[in-house]
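To keep things clear, I will list the structure first and then write my remarks on it.
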Number of protein chains: 2
Amino acid sequence: MTTYYNEHSKVFVSVDCIIFGFEDKKLKLLLGKRHMDPGRGEWSLYGGFVEEDESLDDAANRVLYELTGLRGLYMKQVGAFGAIDRDPGERVVSIAYCALINVRDYDQKLLNEHQVEWVNLENLPELYSDHNDMVTKAITLLRRRISSEPLSFNLLPSLFTLTQLQNVYEAILGENIDKRNFRKRTKTIDYIEKTDKIDKITSKRGAALYRFNKQAYIDDPIFKL
Amino acid sequence: MTTYYNEHSKVFVSVDCIIFGFEDKKLKLLLGKRHMDPGRGEWSLYGGFVEEDESLDDAANRVLYELTGLRGLYMKQVGAFGAIDRDPGERVVSIAYCALINVRDYDQKLLNEHQVEWVNLENLPELYSDHNDMVTKAITLLRRRISSEPLSFNLLPSLFTLTQLQNVYEAILGENIDKRNFRKRTKTIDYIEKTDKIDKITSKRGAALYRFNKQAYIDDPIFKL
DNA sequence: TCAAAAGTGTTTGCTGTACACCCATGC
DNA sequence: GCATGGGTGTACAGCAAACACTTTTGA
């Protein structure tokens, strides 16, 4: 039961993107140093203000596109952050969004252009404002969801080996997984399909490449890994 | 990396409260009819604007207190809703919060005073704006959390019978639970304590009253029911 | 005496977990 | 020929699910 608008104050609303990537068996985050005040020089998530003509989701996708040049990425709202003085300049409410991208899809030139880099989650620096809280919450959600939703594939190329897939789970959950048990489980999942292609890059013997059959998942959306 | 504030537009930010209650083996929602434009007369969640001197969480707690006169209730953010035209009047971004309260703690007089009522979740009417979406998301989160966090106790009096507790789970999960298996599980949970009190209201024979020992939970916060 | 809710154990199947060795290849 | 990562099966335990009858008491 809201009361009349004009008795109330407006605030800035922004979105901040927690962008996860995966490389060298490690989870990474795309971070940059702020190049404006307040907080100039501090490590920060990449964000932007929500404009009049766009929804929150649109704003998050726009910001992500500006940074990566990629569209249609997996993205999910993490939550709204609204402490009074969370932004040192003005009152800004920010909606955090979490994205999962395949590091190899990300154009290296853009790293320099936007002055961002992939930072290992393990040695996360102190971030601007409440961005550390945002990251913490995003990781909690990611850990909870990774076993019941097919998110892991977003962090990998469309063709991947079972070892790569297992490495993603180990990085996110922060624990070692038994190889035989893991592969046994993948075998029961119909839409993790073995292709006839072989990856010869990471091993001498070569490893079978698998792919995620999205349509098969949509037809029977049960996931447990 | 946000750019300068004054290039951007401010918007109204509100909170909306999804208030769950439990009575007669049914989950209920506290709803009212809007008594102002836009949307006058439509069923709606109870909400309010976020003011300059309060955080989002503070605003949600204030709104909930205004409505119920109760403080310290369980409350959790559901998410931010920000479609451009979600509010027919002005651009308003709203943060949905979910609260769990014991219906018997709620002063009946306030029902009339605020013109709200408990509505069975099963026959939920069409709500103002995107409030149905908020409710749907809140229920999804509630279902997911009820088995791994001690939320159910918030919907019950401090002393409750195991049958009442089971009824809460059945109402939230929407399925019948085997009584013996359910009670077996409760027995393994140390902080669901049997008291020496007997409830003689709902049964002739009388049922043992239990209580949730919050401190014991905090000391060993593992929950699985 | 009957209706209504409380209370109580056992069996069975399945799922999750622990565990170690051979294979193919490039260098 | 050896170092590197790929690939495979079994046994056991613990948990989850199915299942039916007795007890108490107020009306």
Side-chain angles (χ1 to χ4, degrees), chain A residues 22-26 143-144 146-148 152 156-157 159-190 192-211 220 222-225, chain B residues 22-26 143-144 146-148 152 156-157 159-190 192-211 220 222-225:
Chain A
F22 178 76
E23 205 176 34
D24 299 332
K25 304 189 180 184
K26 303 276 186 200
R143 287 218 175 109
R144 198 175 292 168
I146 192 72
S147 299
S148 57
S152 42
L156 292 171
L159 292 176
F160 52 86
T161 69
L162 292 184
T163 300
Q164 284 178 296
L165 188 64
Q166 181 175 344
N167 286 337
V168 169
Y169 279 82
E170 290 182 333
I172 292 176
L173 298 174
E175 59 191 29
N176 293 331
I177 299 172
D178 182 272
K179 184 166 53 156
R180 281 169 293 187
N181 291 339
F182 183 80
R183 293 165 103 96
K184 199 192 310 172
R185 272 177 268 149
T186 61
K187 273 195 185 132
T188 67
I189 299 176
D190 294 336
I192 298 181
E193 294 177 343
K194 191 173 188 171
T195 69
D196 54 4
K197 298 193 178 61
I198 305 283
D199 169 71
K200 299 282 285 183
I201 297 166
T202 49
S203 87
K204 295 160 181 170
R205 174 177 173 176
L209 285 164
Y210 288 73
R211 68 187 202 90
D220 185 18
I222 298 168
F223 189 84
K224 188 90 191 76
L225 187 61
Chain B
F22 179 75
E23 205 177 34
D24 300 333
K25 304 188 179 182
K26 303 277 184 199
R143 289 219 173 107
R144 200 175 291 168
I146 192 70
S147 298
S148 57
S152 42
L156 292 171
L159 292 175
F160 53 85
T161 68
L162 291 183
T163 302
Q164 284 177 297
L165 187 64
Q166 182 175 343
N167 287 338
V168 169
Y169 279 83
E170 291 181 334
I172 292 174
L173 298 174
E175 59 191 28
N176 293 330
I177 299 172
D178 181 90
K179 184 166 51 156
R180 281 168 293 188
N181 290 337
F182 183 81
R183 293 165 103 96
K184 200 190 311 170
R185 270 176 268 150
T186 61
K187 271 196 186 129
T188 67
I189 299 176
D190 294 335
I192 298 181
E193 295 178 341
K194 191 173 188 170
T195 68
D196 54 4
K197 298 195 178 61
I198 305 284
D199 168 71
K200 298 282 286 185
I201 297 166
T202 50
S203 87
K204 295 160 182 173
R205 176 176 172 177
L209 285 164
Y210 288 73
R211 69 186 200 90
D220 185 18
I222 298 168
F223 189 84
K224 188 89 192 74
L225 188 60

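Letters A, B, ... mirror the listed sequences (proteins, then strands); counts begin at 1.
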Given atom [atom1] of [X] and atom [atom2] of [N], what is their separation to the nearest angstrom?
X      : N      : atom1 : atom2 : value
B/I177 : D/dA18 : CD1   : P     : 12 Å
B/E175 : D/dA17 : CD    : C1'   : 12 Å
B/Q166 : C/dT8  : CD    : P     : 14 Å
A/R185 : C/dG16 : CZ    : P     : 8 Å
A/I201 : C/dC27 : CD1   : P     : 13 Å
B/Q164 : C/dG7  : CD    : P     : 11 Å
B/K200 : D/dT24 : NZ    : P     : 12 Å

Looking at [atom1] of [X] and [atom2] of [Y], how far apart are the two atoms once the value is rounded to the nearest 0.5 Å?
X      : Y      : atom1 : atom2 : result
B/N167 : B/K25  : CG    : NZ    : 5.0 Å
A/L159 : A/T195 : CG    : OG1   : 5.5 Å
B/L209 : B/Q164 : CG    : CD    : 7.5 Å
B/K184 : B/N181 : NZ    : CG    : 4.5 Å

key: Under 3.5 Å donor-acceptor, A/Y169 side chain and A/S147 backbone   = no
message = One character per nucleotide, please: for nucleotides 3-8 of chain D, 5' to 3', B when the base has a protein heavy atom closer than 4.0 Å, S when only the sugar-phosphate does, - otherwise.
response = BSBBBB
task = Using salt bridge (charged side-chain N to carboxylate O under 4.0 Å, His left out) as the criterion, list what pairs up with B/E193, not counting sequence neighbours.
result = B/R211
List in chain and number order the residues that pass side-chain contact (heavy atoms from CB on, under 4.5 Å) with [X], two or more places apart in sequence or in another chain; answer none if no residue qualifies.
X      : answer
A/K26  : A/K28, A/N120, A/E122
A/T202 : A/D199
A/R143 : A/I139, A/I172

remark   = Between B/K224 and B/D178, the residue closer to the 5' end of DNA chain D by nearest nucleotide is B/K224
When you compare the protein's N or O atoms with those of nucleotides 10-13 of chain C, which come within less than 3.5 Å of each other, and at what distance?
from, atom 1, to, atom 2, distance (Å)
C/dT10, O4, B/K184, NZ, 3.0

